[in-house]
> 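Mind looking over this structure? Questions follow.
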Amino acid sequence: MILNICDHDCTELWDQILYKKLSNYPHISDWEMKTIIDFISYEEANGRTVEIQSDQPNIKKEVQEKLQYKEKYQTVERPKKITECTACPYRKGCMTKLVCHTAPVENAKSILKSGALLSAVNARGLSDEELTKEARNAAHDPKDFFHYIMFSWGNCQAGDRLVMERKKKRMPTTEDLSIDFTPGIRFYFDYDKLEKHPGTTHDGFLPIKVKDKLILKEWVYAIIIPKLYQNEFEQLVPAELKRRVYYLENDCKDIWDWSEKVYGFIENLMCPELT
């Protein structure tokens with residue numbers, strides 16, 4: 001793996017390279033250093049070495065020096081907002097109280113019927129080797145990734161973007177994410193609570209991920225379903241989850257509007273904790 005720390009547009013993992021964006025380039029915050037340590041530790045635990053690259057020699061030197069004091073960064077407090085990615089037109093950053101797993105409609109039905117989120121290996125009944133070879137693994141994620149349930153930050157649109165990519169079987173266009181946009185189903189979790197799950201792992205890229213299986217009734221905070229699908233889902237939702245399911249009208253102009261509408265709704269649910 002390569003850790004490339006430069007003035008990127010956002011942090012992204014693609015084709016065995018983590019393009020690491022800094023919120024105040026070229027300065028590395030303590031939280032960013034923690035994620036760098038998490039990334040290197042995760043990769044090494046899975047038998048991969050990490051080469052550090054940067055267009056600023058001082059950055060590489062600083063990271064290498066701080067790696068000698070890993071324990072100092074393990075208790076760094078998580079910021080309420082992370083501004084490595086500022087693409088969101090509303091928040092200009094990632095809100096960190098909640099994390100989200102977004103699923104296409106048919107997958108969400110299976111999730112609710114089983115009462116659990118499953119890793120790709122468990123959900124699809126394929127080996128990790130088979131999953132790495134699929135065309136949908138465009139980012140060339142390694143085998144171990146398919147043993148985890150992935151999460152994005154609560155106000156992020158990345159999950160819905162992936163849903164549209166799977167639906168269209170190509171990279172979504174501007175029209176796909178606006179006039180033709182159809183949201184997926186969002187499963188929301190409280191970060192601090194999910195942190196206590198025995199299968200929780202930090203890979204330095206995703207906010208958090210959980211190995212193998214996650215029982216909804218024990219962990220999920222809220223499930224957001226576009227109102228368009230209400231009739232399809234009402235009979236599928238287990239009794240113990242009905243109070244945590246909300247149907248929202250997609251009256252938004254694009255994926256960004258939808259993400260803000262959903263997160264704003266969740267904020268109001270948790271108010272005053274989030275505000």
Side-chain angles (χ1 to χ4, degrees), residues 1-46 48-101 139 141-142 144-145 148 150-159 161 189-197 200-210 259 263 274:
M1 281 281 192
I2 293 173
L3 172 59
N4 184 280
I5 309 172
C6 295
D7 194 17
H8 302 297
D9 291 333
C10 62
T11 294
E12 183 178 20
L13 182 61
W14 192 266
D15 207 10
Q16 311 296 301
I17 302 173
L18 177 62
Y19 298 94
K20 180 68 175 176
K21 163 80 173 177
L22 302 177
S23 56
N24 186 25
Y25 185 83
H27 305 290
I28 304 174
S29 72
D30 284 353
W31 171 258
E32 288 163 347
M33 190 62 218
K34 179 187 183 304
T35 63
I36 289 170
I37 291 170
D38 286 343
F39 177 73
I40 293 172
S41 297
Y42 177 86
E43 292 302 310
E44 289 179 346
N46 284 279
R48 296 185 289 272
T49 58
V50 176
E51 177 189 346
I52 302 170
Q53 298 178 346
S54 179
D55 57 356
Q56 297 285 336
N58 287 344
I59 289 180
K60 183 175 179 178
K61 181 181 177 182
E62 180 182 350
V63 169
Q64 290 172 329
E65 288 176 351
K66 289 181 174 179
L67 283 172
Q68 306 305 310
Y69 307 96
K70 293 181 181 180
E71 65 283 350
K72 173 183 175 182
Y73 298 95
Q74 292 312 301
T75 56
V76 171
E77 186 175 353
R78 183 177 81 260
K80 291 183 178 179
K81 182 168 83 169
I82 295 172
T83 56
E84 290 178 28
C85 174
T86 57
C88 173
Y90 296 98
R91 307 279 174 157
K92 296 297 182 183
C94 303
M95 309 306 293
T96 67
K97 174 62 181 171
L98 298 163
V99 291
C100 177
H101 178 87
D141 290 335
D144 45 276
F145 277 39
Y148 291 91
M150 313 293 194
F151 297 90
S152 60
W153 292 117
N155 66 312
C156 185
Q157 45 71 49
R161 183 182 291 268
F189 300 81
D190 183 284
Y191 183 102
D192 291 323
K193 181 179 178 181
L194 197 58
E195 182 86 319
K196 298 177 175 65
H197 190 282
T200 287
T201 298
H202 297 284
D203 65 6
F205 169 56
L206 294 169
I208 201 168
K209 60 188 187 182
V210 175
S259 294
Y263 193 75
L274 278 178

> Within this structure, what is the CD-CD1 distance for the pair Glu43 and Ile2, rounded to the nearest 0.5 Å?
11.5 Å
> Less than 4.0 Å between a side-chain N and a carboxylate O, is that true for Lys21 and Glu84?
no
> Of the non-hydrogen atoms in Asn4 and His8, which two are nearest, and what is the gap between them?
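Taking every non-hydrogen atom into account, OD1-NE2, 2.7 Å.
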> side-chain contact (heavy atoms from CB on, under 4.5 Å), that's the test. Do Leu13 and Phe145 meet it? Break it down for me.
CA-CA 12 Å; Leu13 182 61; Phe145 277 39; 3.6 Å; yes
> Just verifying a value: how many Å separate Cys156 SG and Leu98 CG, rounded to the nearest 0.5 Å?
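It is 13.0 Å, given to the nearest 0.5 Å.
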> Going from CD on Glu32 to CG on Leu22, what distance comes out if it is rounded to the nearest 0.5 angstrom?
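Between Glu32 CD and Leu22 CG, I get 5.0 Å after rounding to 0.5 Å.
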> Take Asp38 and Gln74 through the side-chain contact (heavy atoms from CB on, under 4.5 Å) test and state the conclusion after the steps.
CA-CA 9 Å; Asp38 286 343; Gln74 292 312 301; 3.9 Å; yes
> Run the side-chain contact (heavy atoms from CB on, under 4.5 Å) check on Leu67 and Ile37 step by step: do they pass?
CA-CA 7 Å; Leu67 283 172; Ile37 291 170; 3.8 Å; yes
> Under the 3.5 angstrom rule, does the side chain of Thr83 hit a backbone N or O of Ser23 as a donor-acceptor pair?
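Such a contact is absent between Thr83 side chain and Ser23 backbone.
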> Heavy atoms only: give me the nearest Tyr69-Tyr73 pair and the separation to one decimal.
O-CD1, 3.4 Å
> Which pair of heavy atoms, one from Gly154 and one from Cys100, lies closest together, and at what distance?
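Closest pair (atom of Gly154, atom of Cys100, distance): CA-CB, 4.4 Å.
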> Do side-chain atoms of Lys34 reach the backbone of Asp30 as a donor and acceptor pair under 3.5 angstrom?
no
> So is Arg78 actually on top of Tyr191's ring, under 6.0 Å and inside 45° of the axis?
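Yes - Arg78 lies over the ring of Tyr191, closer than 6.0 Å to its centre and within 45° of its axis.
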> Under 4.5 Å between any side-chain heavy atoms of Arg48 and Asp144, yes or no?
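A side-chain contact under 4.5 Å exists here.
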> Say you draw a straight line from CD1 of Ile208 to NE2 of His202; how long is it, rounded to the nearest 0.5 Å?
4.5 Å
> Would you compute the distance between atom CD1 of Ile52 and atom CD of Gln64 and round it to the nearest 0.5 angstrom?
5.0 Å
> Would you call Tyr19 and Thr11 a side-chain contact if the rule is heavy atoms closer than 4.5 Å?
no
> What is the minimum heavy-atom distance between Ala139 and Trp14, and which atoms define it?
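Scanning both residues, the minimum pair turns out to be CB-CE3, 3.5 Å.
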> Restricting to non-hydrogen atoms, name the atom on Ser41 and the atom on Lys70 that form the minimum distance, rounded to 0.1 Å.
OG-NZ, 4.3 Å
> I need the minimum non-hydrogen distance between Cys88 and Asn155, along with the two atoms involved.
SG-ND2, 4.2 Å
> Does some side-chain heavy atom of Cys85 sit less than 4.5 Å from a side-chain heavy atom of Glu12?
no
> Lys97 vs Asp190, test: side-chain contact (heavy atoms from CB on, under 4.5 Å). Steps then yes/no.
CA-CA 6 Å; Lys97 174 62 181 171; Asp190 183 284; 2.9 Å; yes
> Kindly check if the number of other-residue, nucleotide or ligand heavy atoms within 6.0 Å of CD (Glu77) is above 12?
no
> Drop me the distance from Met1's CE to Gln16's CD, to the nearest 0.5 angstrom.
4.5 Å
> Inspect the surroundings of CG in Asp9 and state if more than 12 heavy atoms from other residues, nucleotides or ligands are less than 6.0 Å away.
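Open.
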> Decide whether Lys20 and Thr35 meet the rule of one side-chain donor and one side-chain acceptor closer than 3.5 Å.
yes
> Considering only heavy atoms from C-beta outward, does the side chain of Val63 approach that of Met33 to under 4.5 Å?
yes
> Counting only heavy atoms from other residues, nucleotides and ligands, does the tally under 6.0 Å from NZ of Lys80 exceed 12?
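Result for NZ/Lys80: open.
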> Evaluate the side-chain proximity of Thr49 to Glu44: yes if any heavy-atom separation is below 4.5 Å, no if none is.
no
> Angle class for the Tyr148/Tyr42 ring planes (parallel below 30°, perpendicular above 60°, tilted otherwise)?
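Answer is perpendicular, since the angle exceeds 60°.
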> Answer with yes or no whether the side chains of His27 and Glu62 bring together a donor and an acceptor at under 3.5 Å.
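Note: Glu62 and His27 side chains miss the donor-acceptor criterion.
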> Considering residues at least two apart in sequence or located in another chain, which fulfil the ring pair (Phe, Tyr, Trp, His ring centres under 6.0 Å) criterion with Phe189?
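Listed in chain order: Phe151.
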> Is there a side-chain contact between Ile36 and Ile5 in this structure, where contact means two heavy atoms from C-beta onward sitting under 4.5 Å apart?
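Ile36 vs Ile5: side chains touch.
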> Does NZ in Lys92 sit with more than 12 non-hydrogen atoms of other residues, nucleotides or ligands closer than 6.0 Å?
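Enclosed.
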